[in-house]
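First the proteins, then the strands, lettered A, B, ... as listed; each starts at 1.
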Amino acid sequence: MVAEASCDPVETGDANPATEVLLDVVVPTPAHSGLGDRLTYCHTVALPPGTLVRVPLGARAVVGIVWGTPATAPATPVRPISEAWQALPPLAAEWRELVGFAARYYQRALGEVALAALPPALRELDAARLQRRLQRAPEPVPPVSPPPAETPPPLTDAQAAALAAIETVDQPILLFGATGSGKTEVYLQATARLLARDPQAQALVLVPEINLTPQLEQRFRARFGDAVTTLHSRLTPAQRLQHWLAAHLGHARIVLGTRMAIFASLPQLRLIVVDEEHDPSYKSQEGARYSARDLAVYRARLGADAGCRVILGSATPSLESWHAADSGRYRRVHMDDRMGGARWPRLRLVDLRQQPRGTLLAPPLQAAIEARVARGEQALVLLNRRGYAPVIACDACGWKSGCPHCSAHLVFHKADRRLRCHHCGHTAPIPRACPDCGNVDLAPLGRGTEQLEEQLAAALATLQRADGTPVRVGRLDADTSRARGALERTLQAVHDGAIDVLVGTQMIAKGHDFRRITLVASVNTDGALFASDWRAPERLFALLMQAAGRAGRDAAFVAAQGSAVELWVQTAYPEHPMFAALARHDYAAFAAQQLEERRSAGMPPFSHQALLRAEARQLEAALAWLRHAAEAAHDLPGRAHVMLYAPVPMALTRVAGIERAQLLLESPHRPALQALLAAWMPRLHALRGLPDTRGLVRWAIDVDPLSF
DNA sequence: AGCACGCCGACT
DNA sequence: GTCGGCGTGCTC
């Protein structure tokens, strides 16, 4: 009480102005708490913006970040800052700007975004423990160069051109290069040149999934040693804090991380690399739904005065980035030759209309796989559906195994002889008879990776390798890689040649550098070709290009074998124009065709979208809430330029007993959409508690949504 | 969102 | 007689 009174500027501010300072502090207040983003506290001395502090909030003590000084003194008496962590350098102005922009653009509370960007373990610390931690690790800035731990290889012409562009072009670089064209070497050398020029500089390298691309981390470590650190969600809380501190204190020169790393504190950031920039995992799907790739471009612009650059790399860029390059906002740098003389796989289409219905593996494809395995080569077979069969059904009455909590089928998993829901985790034993009619003939419908593995293993059972050992079929999907280290073991087994044929979901298509693969096959492709999601063709093309890139990586091996490197695709629509572009490995043609479709339909990137999502116990409550929301938008700024569609249930309406619905907003004018959203938010918060929306669980806005 | 305070059932 | 159910309400 005394402390609070002494802090009140009205009471003591005049009496002792030198020792009482008002500060705006950002604390983790969810937007709907009714509190503003910045709360005013007082302290004995002025603290620079970016200083971490602990402050009382209600009955709790929370970590906050000093954001500045209040424009006006608040009406309510202010409470004092409990402790200021002055041992830690303040978070830089650019970091605060990035966080502020992300909060504004994605319509989240500033405190939520700012505090979520810090390692959780930091919030557990106090000033004393922080002090000890900082003293215990007074790591000097390690000398990165010279000498580099590994001598870089000579550059190809394309790589030299790319590096020249990076150093001279003051725009985001779209590094467009096929798998194996040497993009990674460009990242490495761009980083090396930066560090040679400016020994204090830092680089940020973003990857979609760090566990699926261990060799990128290996290559950075081989070149830069201990100057590299990592930031991703698989780190333990202590590691994450340690790595974050290394970046914040400038001990780490290079941060390699997943999308969350875009918020790392990097005071000397001069280069951002976004590898596989088209990958949808750069878009966060919970909390603040940010795009790390888009924020990377923004962050580089914030640092432009200091010479910060951004490289977006991909063999199949997002249509957004491709269009930005077409329109001159990004600079496209094309690396068109595959290094080491490796040849591109030839496309072999299997027309499923010529095959018996329900064919999983057409005889010519199976024969091709057998022939390769017999010669000591390897094959990858892609099927984007895990489990044995996506559903089991009753022959007599048409009953299908449905999830009691979701509007989805229970998937038959033969490995544990159970039915499993892939959306809520519900599991059930396989019923002996149909629950509806008692019929005992229940049949699995459709195929998953387990069944494909089984069928291939049976087909290859009589084959032997050159050394007389039996041929081995392996499987890689979320089920087989759940256990710690299982993923690495399977990948190693493929590397070592212990596995001849690897079956799996799209995770087998990622950047693994398998040397003896000469055939890649996609056996169930058509679902994505005609999916209701209009981004599906783009993703399918990227997946098939990426999968194709796994084949023929070792030119010497391929030449010695005398094999043709092939990509097999089973489809009932072989005349689809996408396959013509795929056969020529012509992403530019595919992108041009897709962008033309988007332009005429007024779809992104020719318009901008946001989704308002609502979840409720009853679907009607969610829909009613969205209708109220639409009504509340009628007179908002920007409304004339923003199209609001009717609220609809989501494609997968119910998940874990919660009904989901959404409302799409679309505008050709991004600022109009942003203005509308910003003005809409307070009204949406005020919508709580309407009588026909009882059972509403939560709602959220997804700006630039990727999935519908 | 947390985390209080605040009024009604089965236990040491 | 207490421990605890989660219903409203507040957080500079």
If you measure from the Lys or Arg side-chain nitrogens to the Asp or Glu carboxylate oxygens, is any gap between A:Arg301 and A:Glu97 under 4.0 Å?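 No, this pair does not count.
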Using whole Å, what does the distance between atom [atom2] of nucleotide [N] and atom [atom1] of [X] come to?
| X | N | atom1 | atom2 | result |
| --- | --- | --- | --- | --- |
| A:Leu115 | B:dA1 | CG | P | 16 Å |
| A:Glu615 | B:dA1 | CD | P | 11 Å |
| A:Glu112 | B:dA1 | CD | P | 10 Å |
| A:Glu286 | B:dA1 | CD | C1' | 16 Å |

Side-chain donor-acceptor pairs under 3.5 Å in residues 699-708 of chain A, sequence neighbours left out?
{"from": "A:Asp702", "atom 1": "OD1", "to": "A:Lys283", "atom 2": "NZ", "distance (Å)": "2.7"}
{"from": "A:Asp702", "atom 1": "OD2", "to": "A:Arg613", "atom 2": "NH1", "distance (Å)": "3.1"}
{"from": "A:Asp704", "atom 1": "OD1", "to": "A:Tyr105", "atom 2": "OH", "distance (Å)": "3.4"}
{"from": "A:Asp704", "atom 1": "OD2", "to": "A:Tyr105", "atom 2": "OH", "distance (Å)": "2.7"}

Nucleotide interval of DNA chain C bounded by contacts with chain A (heavy-atom cut-off, under 4.0 Å): C:dT11 to C:dC12
Pick base, sugar-phosphate or nothing for A:Pro56, based on heavy-atom distances below 4.0 Å to the nucleic acid.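 Result for A:Pro56 = sugar-phosphate.
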With a 3.5 Å distance limit and no angle check, can you tell me whether [X] reaches the backbone of [Y] through a side-chain donor-acceptor pair?
| X | Y | answer |
| --- | --- | --- |
| A:Arg683 | A:Ala633 | no |
| A:Ser407 | A:Thr653 | yes |
| A:His248 | A:Pro89 | yes |

Hey, could you give me each pair passing salt bridge (charged side-chain N to carboxylate O under 4.0 Å, His left out) that has a residue in residues 617-626 of chain A? Not counting sequence neighbours.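 Residue pairs with at least one partner in residues 617-626 of chain A: A:Glu620-A:Arg627.
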